[in-house]
Amino acid sequence: MNSKTFRRAAVAVTAAVLLPLGLTACSAEASGDGAAAPAAPSQSTTAAKADGPFGPGCASVPKEGAGSFDGMAKDPVATAASNNPELSTLVTAVKQAGLVDTLNTAENITVFAPTNAAFAKIPKADLDKVLADKAMLTDILTYHVVGKKLTPQQLENGSFETLQKGTLTTKGSGESFTVNDSAKVVCGNVPTANATVYIIDTVLMPK
């Protein structure tokens with residue numbers, strides 16, 4: 001074998017040895033850095049979505065200021081609701097019933113908060129009658145409050161005693177939940193300083 005032939009053989013052997021090693025390294029890099037990188041954001045995004053507010057009604061919550069999610073998280077629940085323009089009728093009712101301090105000083109509660117549109121479903125004459133009757137109004141409003149913080153997972157098939165001493169039921173999954181088979185959660189899992197709020201599209205009536 002002459003020197004030229006020997007060099008060609010040596011190059012071929014070297015290539016045969018190194019090429020698989022190079023492919024293995026590329027494959028490991030792709031399955032390590034390349035595959036793991038997209039998976040991590042996906043998991044964190046899912047976790048953030050599960051832990052934070054959800055639902056179509058959340059789009060109407062202000063992006064910044066006291067009425068935003070960040071702003072509401074700093075205030076007790078009645079104060080936080082007063083800064084949310086979608087809950088102004090509820091806030092008026094809470095003030096009328098003298099429940100502001102009760103809600104603001106309670107610890108670790110859940111409030112199912114009807115929107116202005118929810119109250120608008122009630123005929124005006126009936127709503128005015130309720131607002132004028134403090135005992136009835138208190139009965140209705142405290143029926144919307146559960147004495148512990150509820151996670152979305154607990155709402156999947158739940159039954160909870162309210163501050164009014166009645167019972168409300170919840171069902172659903174993902175981002176779709178109903179309360180008492182009538183009210184839909186339009187923006188759920190909203191944190192305030194002392195409560196978790198689920199904004200609903202229908203006023204609940206004590207059973």
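No experiment lies behind these values; they were computed from the predicted model shown.
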Is it the case that Asp139 and Gln164 place a side-chain donor and acceptor less than 3.5 Å from each other?
->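 Indeed, the side chains of Asp139 and Gln164 share at least one donor-acceptor pair under 3.5 Å.
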
Does any donor atom in the side chain of Thr79 or Asn104 lie under 3.5 Å from an acceptor atom in the other side chain?
->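 Yes - a donor-acceptor pair under 3.5 Å links their side chains.
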
Work out which heavy atom in [X] is nearest to a heavy atom in [Y]; give both atom names and the distance.
X: Pro114; Y: Leu87; result: O-CD2, 3.5 Å
X: Ala193; Y: Pro76; result: CB-N, 3.8 Å
X: Ala80; Y: Thr192; result: CB-CG2, 3.8 Å
X: Val61; Y: Gly67; result: CG1-O, 3.4 Å
X: Cys58; Y: Gly188; result: SG-N, 4.3 Å
X: Thr170; Y: Leu168; result: CG2-CD1, 4.1 Å

State plainly whether the residues Lys124 and Asp128 are in salt-bridge range, i.e. N to O under 4.0 Å.
->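 Between Asp128 and Lys124 there is a salt bridge, with a charged N closer than 4.0 Å to a carboxylate O.
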
Should [X] and [Y] be counted in the same cluster of Ile, Leu, Val, Met, Phe, Trp and Tyr side chains packed under 4.5 Å apart?
X: Phe160; Y: Val145; answer: no
X: Val94; Y: Ile109; answer: yes
X: Leu90; Y: Val203; answer: yes
X: Tyr143; Y: Met136; answer: no
X: Val91; Y: Val111; answer: no

Which value, rounded to the nearest 0.5 Å, describes the distance between [X] atom [atom1] and [Y] atom [atom2]?
X: Gln154; Y: Thr151; atom1: CD; atom2: OG1; value: 4.0 Å
X: Asn84; Y: Ser68; atom1: CG; atom2: OG; value: 9.5 Å
X: Asn180; Y: Phe112; atom1: CG; atom2: CZ; value: 9.0 Å
X: Thr115; Y: Lys121; atom1: OG1; atom2: NZ; value: 7.5 Å
X: Lys134; Y: Gln96; atom1: NZ; atom2: CD; value: 9.0 Å

Backbone N or O of [Y] within a donor-acceptor pair of the [X] side chain at under 3.5 Å?
X: Ser176; Y: Gly172; result: no
X: Tyr198; Y: Val190; result: no
X: Asn194; Y: Ala106; result: yes
X: Asn116; Y: Thr89; result: yes
X: Asp201; Y: Ala117; result: no
X: Thr162; Y: Gly166; result: yes

Just wondering, more than 12 heavy atoms not from Lys149 lying within 6.0 Å of its NZ?
->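 Check passes, neighbour count above 12.
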
Would you say [X] and [Y] make side-chain contact, with heavy atoms under 4.5 Å?
X: Val197; Y: Val77; answer: yes
X: Leu204; Y: Val179; answer: yes
X: Met72; Y: Asn83; answer: no
X: Thr196; Y: Asn108; answer: no
X: His144; Y: Leu163; answer: no
X: Pro152; Y: Asn189; answer: yes

Please work out which of the three classes, parallel, tilted or perpendicular, describes the rings of Phe54 and Phe177, given edges at 30° and 60°.
->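 Because their plane-to-plane angle lies in the 30° to 60° range, the rings of Phe177 and Phe54 count as tilted.
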
After noting the C-alpha distance and the side-chain angles of Leu150 and Leu155, does the key distance pass the side chain to side chain contact (heavy atoms under 4.5 Å, CB included) rule?
-> CA-CA 7 Å; Leu150 300 176; Leu155 300 189; 4.0 Å; yes

CA sep, side-chain torsions, deciding dist, call: Phe119, Thr202, side chain to side chain contact (heavy atoms under 4.5 Å, CB included) | CA-CA 7 Å; Phe119 280 100; Thr202 303; over 6 Å; no

What's the verdict on side chain to side chain contact (heavy atoms under 4.5 Å, CB included) for Ile199 and Val185, showing C-alpha distance, side-chain angles and the deciding distance?
-> CA-CA 6 Å; Ile199 300 174; Val185 174; over 6 Å; no

Check the pair Leu131 / Leu137 against side chain to side chain contact (heavy atoms under 4.5 Å, CB included), numbers first and verdict last.
-> CA-CA 6 Å; Leu131 291 173; Leu137 183 59; 4.1 Å; yes

Decide side chain to side chain donor-acceptor pair (under 3.5 Å) for Lys148 and Thr110; before the verdict, give the C-alpha distance in whole Å, the side-chain angles of both, and the deciding distance to 0.1 Å.
-> CA-CA 6 Å; Lys148 59 182 178 180; Thr110 294; over 6 Å; no

